[in-house]
Amino acid sequence: MIDFTFHNPTRIHFGKDSLSHLKEEVLRYGKRVLLVYGGGSIKRIGLYDQVMSILNELGATVWELGGVQPNPRLSLVYKGIDMCRENGVELVLAVGGGSAIDTAKAIVSGACYDGDAWDLFTGKGTNTETLPLGTIVTIPAAGSEMSNSCVITREEDQCKRGRNTPLNFPCFSILNPEYTYSLPPYQTACGVVDIMAHMMERYFTQVENVELTDRLTEGALRTVINNAPIVFEKPEDYDARAEIMWAGCLAHNTLYQTGRVGDWASHKLEHELSALYDIAHGAGLAIIFPAWMKYTLPRGGEKKLAQFAIRVFDVPEDFGTLEEIALEGIRRLEAFYRSLGLTTTLHENGIGAEDFDRMADRCAAMMGGSVGFFVKLNAADCKAIYELAL
Ligand code: NZQ
Ligand code: ZN
């Protein structure tokens, strides 16, 4: 186990009555509120009205920034920054999924940075403070509600960049599993894949003697795998929705990375995919992660991939060689994704090999020539993984 500092400052209000905490949170930060949300799901489920009624009751002044698209765009971030500056906004409240939350994260930092907010994603500039940010989550997936990450796409060159900084932790997040009842099966499935990916990126490490974090992660993965079929059959099963929602929050709050180095190559490979083809992040991960596993297996990944197969997917220890056990684990993972109605190859999504060089070069270049820690991958390796995913 390697040294670590674990600090996550986000206050979580979880459960059926969690929205009742919004009042005290707004009073803590200020009544000039920018509300950030997506394409309308929060209005359809009645959450928008509930939030507005609480804000109105408090006498808050509310500015609205709706229309956040999945794979959120930089142009809307600029708009939100202007709104904050012009109106003296005191609290930014994101209601929705990772896309609304990440837009809000970029806004609260950008509003406190005297320059182009994109600099914060390229490393050209940095901020030291932010406006306060609160979130109300409607889809368990990105885990942005308790994460230090923010991912934004610049439209002009389809460049999707993440920024990790403690400044990205929301001050508070409200999670009511009932808000997720309305999720279409496809979005539920994409969320499940992303949650598992956040666990697996941290699980696949070469750091030895990390039994506690391994066991915690395996338990969390098994919990998600057990509960996903239940919500597919019964979308309004509170307990199953709650298990998935809490798992999604913990998956990305850095607890499962304590004492080790995460990998993150699959996320980087996927971000190139969703930047160019605008597919859902979770759908992209269902394609990329198994291909990454197949590629890393003979390159030092055997032992951990076999452990994953045995402990998460119950592959018997006497199934065969370590390689055979690992391959069976990957096969079961793909079968699980398919059972959720997702695909596991690029061609099933109408994506061919024409952009592989561009995506592989960009992916490796972003990290100074190589990506990943479980196995270090250069641009040629990245391209080979896209080819395996074809
Ligand atoms: O836009 P609306 O109308 O709200 O509809 C959304 C959207 O179409 C819909 N939805 C959300 N809650 C719903 C609902 N529909 C019905 N009922 C509900 N209760 O679901 C769709 C997807 O929403 P989105 O916010 O895009 O999903 P997600 O949470 O998966 O976020 C994806 C974005 O987060 C980034 C991804 O790359 C992607 O850009 N990520 C952010 C991370 C972070 N900040 O920590 C980490 C992740 O690895 C990820 O990269
Ligand atoms: Zn993710």
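Every number for a ligand or one of its atoms is a count from 1 in the order of the listing.
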Self-check item: Identity and distance of the protein heavy atom lying nearest atom 13 (C) of ligand 1
Solution: L183 CD2, 3.4 Å
Practice problem: Please confirm whether K383 makes a cation-pi placement over F356, using NZ or CZ under 6.0 Å from the six-membered ring centre and within 45° of the ring normal. | Solution: no
Practice problem: First locate atom CG of D278, then atom CG of N71, and finally report the distance between them rounded to the nearest 0.5 Å. | Solution: 5.0 Å
Practice problem: Considering heavy atoms of the protein only, find what lies nearest to atom 12 (N) of ligand 1 and give residue, atom and distance to 0.1 Å. | Solution: T138 OG1, 2.8 Å
Practice problem: Check whether any heavy atom of N71 sits under 4.0 Å from an atom of ligand 1. | Solution: yes
Practice problem: Could you tell me the separation between the OH atom of Y256 and the CG atom of L250, rounded to the nearest 0.5 Å? | Solution: 4.5 Å
Quiz item: Of the protein's non-hydrogen atoms, which lies at the shortest distance from atom 7 (C) of ligand 1, and what is that distance?
Solution: P70 CG, 4.0 Å
Quiz prompt | Check: M1 and V207 side chains under 4.5 Å, non-hydrogen atoms | solution = no
Quiz item: Mind checking whether Y78 and W118 have ring centres under 6.0 Å apart?
Solution: no
Quiz item: Where the Zn ion (ligand 2) is the centre, what is the NE2-to-NE2 angle for H267 and H281, rounded to 10°?
Solution: 100°
Quiz item: Closest N/O/S atom of D194 to the Zn ion (ligand 2), by atom name?
Solution: OD1
Exercise. Give the residue and atom name of whichever protein heavy atom lies nearest to atom 29 (O) of ligand 1, and the separation in Å to one decimal.
Key: G98 N, 2.7 Å
